[in-house]
Amino acid sequence: MPATPSRGYTYPLTSSPATVPADLRVPLEQIDADVQDLADRVSARELLTITHAGDGSWAVTDGLAEPVPVNDLGDGTYSIGA
């Protein structure tokens with residue numbers, strides 16, 4: 001079965017017999033899984049974890065364990081994020 005180049009969604013050959021429900025089900029399940037993964041990743045990015053190290057430093061990460069920038073605004077307040 002051929003697949004799309006960027007995401008690998010499969011589709012039937014033009015010479016395959018038409019079975020519309022089955023032909024739609026497979027790529028729609030693949031798309032649904034990709035959309036759910038994207039939604040999960042977006043939600044995880046909204047979760048922040050702030051960790052204090054023993055040396056007095058702090059680290060901020062998102063739900064994907066990626067670092068989040070912290071900016072000192074100079075007046076005792078901080079901005080978290082880009």
Side-chain angles (χ1 to χ4, degrees):
M1 204 177 261
T4 60
S6 61
R7 300 299 305 157
Y9 300 141
T10 57
Y11 57 91
L13 294 168
T14 55
S15 60
S16 300
T19 54
V20 176
D23 292 345
L24 286 174
R25 189 191 90 245
V26 173
L28 287 175
E29 286 175 348
Q30 294 168 330
I31 292 167
D32 184 59
D34 271 356
V35 170
Q36 185 61 55
D37 179 60
L38 179 61
D40 292 345
R41 291 180 60 80
V42 168
S43 293
R45 287 193 183 276
E46 295 176 355
L47 174 71
L48 293 178
T49 301
I50 302 171
T51 308
H52 183 260
D55 64 359
S57 64
W58 295 83
V60 180
T61 56
D62 64 17
L64 299 172
E66 296 171 343
V68 176
V70 178
N71 304 304
D72 184 348
L73 301 179
D75 60 357
T77 60
Y78 295 86
S79 170
I80 299 174

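It should be emphasised that the depicted structure is a prediction, and the values quoted were computed from it without experimental measurement.
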Under 3.5 Å, sequence neighbours excluded: what are the donor-acceptor pairs made by side chains of residues 33-42?
from : atom 1 : to  : atom 2 : distance (Å)
D34  : OD1    : R7  : NH2    : 2.9
D34  : OD2    : R7  : NE     : 3.0
D34  : OD2    : R7  : NH2    : 2.8
D34  : OD2    : Y9  : OH     : 2.6
Q36  : NE2    : D40 : OD1    : 2.8

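W58 and I80 end up in the same hydrophobic cluster when Ile, Leu, Val, Met, Phe, Trp and Tyr side chains are linked at under 4.5 Å. Linking ILVMFWY side-chain heavy atoms closer than 4.5 Å, directly or via other members, places L24 and I31 in two distinct hydrophobic clusters. Note: the hydrophobic cluster containing L28 does not contain V26 (ILVMFWY, side chain heavy atoms under 4.5 Å, direct or indirect links).
Listed by first and then second residue, the salt bridge (Lys or Arg N to Asp or Glu O under 4.0 Å) pairs that reach into residues 58-81 are R45-D62, R45-E66, sequence neighbours excluded.
In this structure, OG1 in T61 is found 8.0 Å from CG in L47, a value given to the nearest 0.5 Å.
Shown here for P17 and D23, the closest heavy-atom pair between the two residues is O-OD2, 4.2 Å. Between Y11 and T4 the shortest heavy-atom distance is CE2-N, 3.9 Å.
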